[in-house]
Each structure stands twice: as structure tokens, then as C-alpha cells.
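Below: one structure, written as C-alpha cells.
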Amino acid sequence: MKHVGIYTTPVCVYCKKAKDLFQKNGIQYEEYDVIKDVKRREDMITKTGQMGVPVIEIDGQFVV
């Protein structure tokens, strides 16, 4: 099974839609709230150059 992670914020509408899609399709994922988790936020920005969410990581490949 592939590892799926999603970088989110609590107020992001698109994050909610992505998580709903994952749940609807039975995709297990790990959520990283970049408001609360500064380390994850810094990692996301370093790895992708993105400051907006959602950012989805699938086995080390990023989808922005």
C-alpha cells in the first residue's frame, strides 16, 4: 500500500474536499496540520516551494 500524506489547515475548503475524496475511495492517509506543526510546514515549503495547501504526498511524490 502506498503512503499518502496531506498537508492541511483547519480552514482550507480544498483540504476538506481532498480528505472527503480519500475517505470516499477508502484511501488511508496521514494528515499534517501545518498551522500546529511548524516542522511539517517547514518541510513542506522546503520540499515543494509551496506555501499553500493542500499539498498531497504519495510515496515521496508531491501533488500541489
**Prompt:** Would Ile45 end up clustered with Val55 when hydrophobic side chains under 4.5 Å apart are linked, directly or stepwise?
**Reply:** yes
**Lys36 and its side-chain contact (heavy atoms from CB on, under 4.5 Å) partner, picked from Val38, Val34, Asp33** = Asp33
**Request:** Keeping to residues at least two apart or across chains, list the ring pair (Phe, Tyr, Trp, His ring centres under 6.0 Å) pairs with something in residues 41-64.
**Result:** none
**Joint cluster assignment, Met51 & Val53, ILVMFWY side-chain distance < 4.5 Å** = yes
**Request:** Walk me through it: do Lys39 and Asp43 pass the test salt bridge (Lys or Arg N to Asp or Glu O under 4.0 Å)?
**Result:** CA-CA 6 Å; Lys39 171 87 171 90; Asp43 287 347; 3.1 Å; yes
**Asked** Is a salt bridge present between Asp20 and Lys16, judged by a nitrogen-to-oxygen distance below 4.0 Å?
**Response** yes
**Prompt:** How far does CD1 of Ile35 sit from CZ of Arg40, to the nearest 0.5 angstrom?
**Reply:** 15.5 Å
**Pairs touching residues 29-54 that satisfy ring pair (Phe, Tyr, Trp, His ring centres under 6.0 Å), sequence neighbours left out** = Tyr7-Tyr32, Phe22-Tyr29
**Asked** Quick one: does Asp59's side chain have a donor or acceptor within less than 3.5 Å of a partner on His3's backbone?
**Response** yes
**Asked** Would Ile58 and Ile6 show up in the same hydrophobic cluster when neighbours are defined by side-chain heavy atoms closer than 4.5 Å?
**Response** yes
**Message:** Would you compute the distance between atom CE of Met1 and atom CD1 of Ile27 and round it to the nearest 0.5 angstrom?
**Reply:** 10.0 Å
**Prompt:** Would a 4.5 Å heavy-atom cut-off, applied to side chains only, mark Lys17 and Leu21 as touching?
**Reply:** no
**Asked** What's the spacing between Ile56 CD1 and Thr48 OG1 if we round to 0.5 Å?
**Response** 12.0 Å
